[in-house]
Amino acid sequence: MDSLTERTPRVVSAVKLVRAAERKKTGQFLAEGFNAVSEAAKSGLVRELFFTSDALERHHALISSIEAGGARVFPITDRAAKALSDTVTPQGLVAVTGLVDVSLGRALADSPSLVAVPVEVAEPGNAGTVIRVADAAGADSVVLLGDSVDPHNGKCVRASAGSVFHLPIARERSIESGIEALRSAGLSIVATAADGEVDLDDADRLLQQPTAWLFGNEAHGLPESVARDADHRIRIPIHGRAESLNLATAAAICLYASARAQRRSGTS
């Protein structure tokens, strides 16, 4: 089969998935690179796969297994790979996959014990890293509240290192409705706050119960009204001279603190 070029209709159609509106319209998005493509394949979500000759040499087994699984596979030129990528150095391996987000009800089904809740997170790299951390800490799901980034954004997918395919991810535009749904699922709402009344080092008993952690956006943190609506406001102690922690680091510390407390108490 001849390699498809950047002008081939099938490639042109796939390139449109870089745009959020096209992803919503078609129910598909692009997953680029070995990690993302291999995890999409394990989830059975790959519909089409594009690969360069170099990628075929490096990932022949993966490409063959995806083709055997029923997805359509297409060799492409390096220029086509560049058109399909939003990175400086394309990896030459891009899959068209089904969307991964689910309804809020589904994300909170089965009595979750730990949920990561980024609120109005705008930076896709940070959102992807929080999803990856939540996956690593054993969280049951991730709920993106408010005007948050699309988890299918290319940078978010790459930052998640495949974790977008591992756990339920839901989006809810209404912060108030989202928090109400979290409470209805039996979760205690916990917010990170620099002036929180509870120190994370002293929060184990609180964190042993099913918990939803609210994390604010990169520039402004949690809106004050949202932080006030939480059941508990917890501060991360700063023992050195750093002024603060970034979103992904704070999420990692908090989610692992919950995971440790729940495992020690046998509630997870």
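With sequence neighbours excluded, the residues satisfying side-chain contact (heavy atoms from CB on, under 4.5 Å) with Arg7 are Thr5. Partners of Asp150 under the salt bridge (Lys or Arg N to Asp or Glu O under 4.0 Å) rule, at least two apart in sequence or in another chain, are Arg23, Arg171.
Atom-to-atom distance recorded for Ser265:OG and Gln208:CD is 4.0 Å, nearest 0.5 angstrom. Remark: Ile179 CD1 to Leu145 CG distance equals 6.5 Å, nearest 0.5 Å. For the atom pair CD of Gln28 and NZ of Lys16, the computed distance is 12.5 Å after rounding to the nearest 0.5 Å. For the atom pair Ser225 OG and Glu176 CD, the distance stands at 9.5 Å (nearest 0.5 Å). We find the CG-CD distance between Asp78 and Glu6 to be 10.5 Å, quoted to the nearest 0.5 Å.
The closest side-chain heavy-atom distance from Ile238 to Leu245 is below 4.5 Å. For the pair Thr211/Ser113, no side-chain contact is recorded, criterion being any heavy-atom separation below 4.5 Å from C-beta on. Val190 has its side chain out of reach of Asp231: every pair of non-hydrogen atoms, C-beta onward, lies at least 4.5 Å apart. Using a 4.5 Å heavy-atom cutoff, the side chains of His59 and Phe51 are not in contact. Residues Leu187 and Leu108 have side chains in contact (heavy-atom distance under 4.5 Å, counting atoms from C-beta outward). Between Ile131 and Ile169 there is a side-chain heavy-atom pair separated by less than 4.5 Å. Within the 4.5 Å cutoff, side-chain heavy atoms of Phe74 are placed close to those of Leu4. At least one side-chain heavy atom of Cys254 sits under 4.5 Å from a side-chain heavy atom of Phe215.
Checked by atom type and distance alone, the side chain of Ser141 pairs as donor or acceptor with a backbone atom of Ala107 at under 3.5 Å. A distance-only check finds a donor-acceptor pair linking the side chain of Glu32 to the backbone of Gln91 [under 3.5 Å]. Formation of a donor-acceptor pair under 3.5 Å by the Ser13 side chain with backbone atoms of Arg10 is not found in this model. A donor-acceptor contact shorter than 3.5 Å is absent between the side chain of Ser43 and the backbone of Leu45. No side-chain donor-acceptor contact under 3.5 Å links Gln209 to the backbone of Ser188. The backbone N or O of Lys82 lies less than 3.5 Å from no partner atom in the side chain of Ser85, so there is not a single donor-acceptor pair.
For the pair Arg58 and Asp54, the salt-bridge criterion is met [side-chain N within less than 4.0 Å of a carboxylate O]. Ionic pairing of Asp195 and Arg235 is not present here: no N-O contact between side-chain nitrogen and carboxylate oxygen is shorter than 4.0 angstrom. Here Arg183 does not pair with Glu180 in a salt bridge; the nearest charged N to carboxylate O distance is not below 4.0 Å. Contact check on Lys155 versus Glu123 returns a salt bridge, with a Lys/Arg side-chain nitrogen under 4.0 Å from an Asp/Glu carboxylate oxygen. Using a 4.0 Å cut-off between charged nitrogen and carboxylate oxygen, Arg106 and Asp101 do not count as a salt-bridge pair.
The two residues Val157 and Pro151 come nearest to each other via the heavy atoms CG2-O, 3.5 Å. Shortest non-hydrogen contact noted between Pro90 and Ala81 is CB-O, 4.0 Å. When all heavy atoms of Ala14 and Val96 are compared, the pair lying nearest together is CB-CG2, 4.2 Å. Closest approach of Gly216 and Leu247 over heavy atoms only: O-CD1, 3.4 Å. Across all their heavy atoms, Leu200 and Ala257 have their closest contact at CD1-CB, 3.9 Å. Considering all non-hydrogen atoms of both residues, Ala55 and Ile63 come closest at O-CD1, 4.0 Å.
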Distance-only criterion, 3.5 Å: show the donor-acceptor pairs between side-chain atoms of residues 65-72 and protein atoms not counting sequence neighbours.
residue	atom	partner	partner atom	Å
Ser65	OG	Ala61	O	3.4
Ser65	OG	Leu62	O	2.7

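Side-chain atoms of Glu120 and Ser148 form no donor-acceptor pair, as typed in the model, at a separation below 3.5 Å. Side-chain atoms of Ser174 and Ser177 form a donor-acceptor pair, as typed in the model, at a separation below 3.5 Å. A donor atom on one side chain and an acceptor atom on the other are found under 3.5 Å apart for Trp213 and Ser258. Between the side chains of Thr249 and Asn246, a donor-acceptor pair is found at a separation under 3.5 Å.
Exactly one of Asp201, Thr192, Asp199, Leu207 qualifies for a side chain to side chain contact (heavy atoms under 4.5 Å, CB included) with Ile234. That residue is Leu207.
In this structure, Arg47 places its CZ atom where more than 12 heavy-atom neighbours from other residues, nucleotides or ligands lie under 6.0 Å away. Open room surrounds CG on Asp2; 12 or fewer heavy atoms of other groups in view lie less than 6.0 Å from it.
The hydrophobic cluster containing Leu17 also contains Val11, counting ILVMFWY residues as joined when their side-chain heavy atoms lie under 4.5 angstrom apart, directly or transitively. Hydrophobic cluster membership differs between Leu222 and Ile236, with clusters built from Ile, Leu, Val, Met, Phe, Trp and Tyr side chains linked at under 4.5 angstrom. Criterion: ILVMFWY side-chain heavy atoms under 4.5 Å apart, direct or through other members. Under it, Ile76 and Val73 are not part of a common hydrophobic cluster. A single hydrophobic cluster is not seen to contain both Leu255 and Leu167; linkage of ILVMFWY side chains at heavy-atom distances under 4.5 Å, directly or through other members, places them apart. When hydrophobic clusters are built by joining Ile, Leu, Val, Met, Phe, Trp and Tyr residues whose side-chain heavy atoms come closer than 4.5 Å, directly or via intermediates, Val100 is grouped together with Leu144.
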Problem set entry | side-chain contact (heavy atoms from CB on, under 4.5 Å) assessment of Val121 paired with Val130 | CA-CA 10 Å; Val121 174; Val130 172; over 6 Å; no
For this session: Take Glu224 and Arg233 through the test salt bridge (Lys or Arg N to Asp or Glu O under 4.0 Å) and record every step on the way to the result.
Result: CA-CA 11 Å; Glu224 183 59 32; Arg233 290 160 32 104; 3.7 Å; yes
Exercise. Asp86 and Arg158: side-chain contact (heavy atoms from CB on, under 4.5 Å), yes or no, with the steps?
Worked result: CA-CA 11 Å; Asp86 61 355; Arg158 288 193 301 277; 2.5 Å; yes
For this session: Using the side-chain contact (heavy atoms from CB on, under 4.5 Å) rule, take Lys24 and Leu99 through it: C-alpha gap first, then chi angles, then the decisive distance, then the call.
Result: CA-CA 9 Å; Lys24 183 177 181 180; Leu99 299 182; 5.9 Å; no
